[in-house]
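Report on the structure given below.
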Amino acid sequence: MNFHILTLFPEMVMQSLMTSITGRAVKQNKIGIEAVNIRDYTKDKHKRVDDYPYGGGAGMLMQAQPVYDACKSVLQRLPEGKRRVIYVSPQGVPFTQQMAQELAEHDDLLLICGHYEGVDERVLEEVVTDVISIGDYVLTGGELAAMVIVDAVARLVPHVLNNHQSAQTESFHGNLLEYPQYSRPEVWHGKSVPPVLLSGNKKEIDIWQKHAAIQRTKERRPDLYRRYSELEECRKILMEKKLHHTDMTELVNRGRAVFVFRNEKEILLKDRESGIYFHTDLNLKGEGSASEFDALFTQNPQAPLRLHQQHIAEMLQEKYAYSTKACYRQMVYTRREKLPVSGLYSINGKTDGRYEVRPLDAKEACLPEICGLKDEFPEMEKQIKKGCVYGCFLEGKLAGTMGICSDGSMGMLFVPEKYRRNKAAAALETYLINHMLEQGMVPFIQFMEKDSAVFALQEKLGLSQAKERVFWLERE
Ligand code: ADE
């Protein structure tokens with residue numbers, strides 16, 4: 001992904017972003033950052049870029065021409081791709097982690113930094129796709145705001161952070177702030193590290209950290225704490241049918257769930273990453289009130305759904321004229337221990353595995369084998385770009401793929417005919433399960449009834465099958 005920052009102060013931006021993690025990521029070609037000097041594009045012979053605002057008022061305004069020409073010159077030389085043009089301003093929508101996640105899926109982001117009292121509105125109307133503010137305060141220029149956005153987005157680009165700096169475990173994960181942390185010495189200024197952290201008892205430490213995170217969130221961010229409590233209530237209900245609801249509890253566990261509605265035992269959540277709505281109704285009546293759906297469909301008639309009761313799927317399909325309804329089995333890896341790897345794949349040349357398994361990179365999305373999978377797995381390319389799809393290789397040749405789908409389940413399993421019956425699928429799924437366990441996730445998979453080979457593999461790897469099915473409603 002490439003960031004293009006349009007500014008009157010290119011040194012300020014580059015000096016800061018070329019240090020530390022973003023600087024390292026640029027040097028390793030994980031991201032590109034350039035600063036474009038807006039002044040280079042002015043047609044004024046004195047190199048001026050500002051003028052007085054019509055109608056009077058304090059201060060000067062950046063003129064349309066240099067901003068427009070700077071922006072066009074960048075856009076013209078970009079290859080095809082997903083891009084946005086952002087103007088940073090206190091008049092924008094507040095920047096959030098969720099926006100950072102969405103922006104991280106782009107190929108190019110242009111950020112326009114205003115100075116003086118702002119920028120002529122006409123150029124903004126012509127080129128800008130988003131106006132973003134980093135908070136309710138006014139800075140002297142847009143540079144710091146642009147740097148904040150670049151930093152927050154860059155760290156979500158695959159492989160910018162290394163494994164132990166995982167973007168998954170962080171503040172806001174699951175709506176809780178991070179617990180307090182301590183390093184050596186054990187006593188500093190007469191203050192001791194909480195004894196439990198020195199005990200070596202992992203379980204006790206986990207409990208302490210969770211409790212401390214809850215306390216801190218309650219005190220400092222009552223708004224986040226309310227969201228956390230709502231989702232905890234949902235989790236309790238969902239756990240009544242644990243295997244059937246793993247897709248939903250994992251939304252909560254992975255910090256992706258947005259609470260939409262709860263009524264006795266009916267729950268509607270939205271996955272903040274994929275936009276899919278997940279619903280269950282454990283009320284015994286069996287009629288399914290599905291009461292919130294009218295409002296949901298008025299707002300978002302395209303909403304894809306994952307439902308956990310057949311009668312509700314049938315009712316909604318008819319009522320809202322969904323074009324496809326499919327029924328999936330769900331299987332869950334319920335243990336915490338990793339699966340044995342021996343004989344399957346090697347990691348960095350170690351162990352005795354047949355295959356090499358590694359994440360596919362964006363360039364590999366164009367491999368003919370992968371392009372051929374577009375119909376079967378429409379989201380494959382997008383998931384590769386996010387670093388969520390893995391390839392297994394035999395003597396350098398792609399012998400299979402599997403990854404994490406946009407809804408958080410395992411999927412996109414594909415093994416070319418000539419590599420079948422050679423444990424390529426087992427190697428891929430074992431790798432994926434072990435990787436997800438390391439990230440604190442519960443791996444699960446959803447697949448069609450007729451996929452008997454996929455079912456056999458799940459049984460072999462020890463996944464447990466939910467009794468009930470999951471129903472997908474989507475529009476073509
Ligand atoms: N420019 C000046 N203040 C700003 C803010 N709070 N957010 C974004 N851009 C700005």
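Given the structure is predicted, the values throughout are model-derived calculations rather than measurements. Atoms within each ligand, like the ligands themselves, are counted from 1 in listed order.
Checking Phe297, Trp472, Phe471 one by one against Tyr322, the ring-ring contact (aromatic ring centres under 6.0 Å, His included) holds for a single residue, Phe297.
Val442 is not listed as a side-chain neighbour of Tyr333, based on a closest heavy-atom distance of 4.5 Å or more.
Separation of atoms OG1 (Thr324) and CD (Gln317) is listed at 8.0 Å; rounding is to 0.5 Å.
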Return a table of N or O atom pairs, ligand 1 on one side and protein on the other, at distances under 3.5 Å, rounded to 0.1 Å.
from     : atom 1 : to     : atom 2 : distance (Å)
ligand 1 : 3 (N)  : Leu139 : N      : 3.0
ligand 1 : 6 (N)  : Gly135 : O      : 3.1
ligand 1 : 6 (N)  : Tyr137 : O      : 2.8
ligand 1 : 7 (N)  : Ile134 : N      : 3.0
ligand 1 : 9 (N)  : Ser89  : N      : 3.1

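Remark: the backbone N or O of Trp208 is not paired with any side-chain donor or acceptor of His211 at under 3.5 angstrom. Proximity of a side-chain donor or acceptor of Ser229 to a complementary backbone N or O of Tyr225 within less than 3.5 Å is detected.
Between Tyr431 and His435, the ring planes are parallel. Angles under 30° get that label, and only those over 60° would be called perpendicular.
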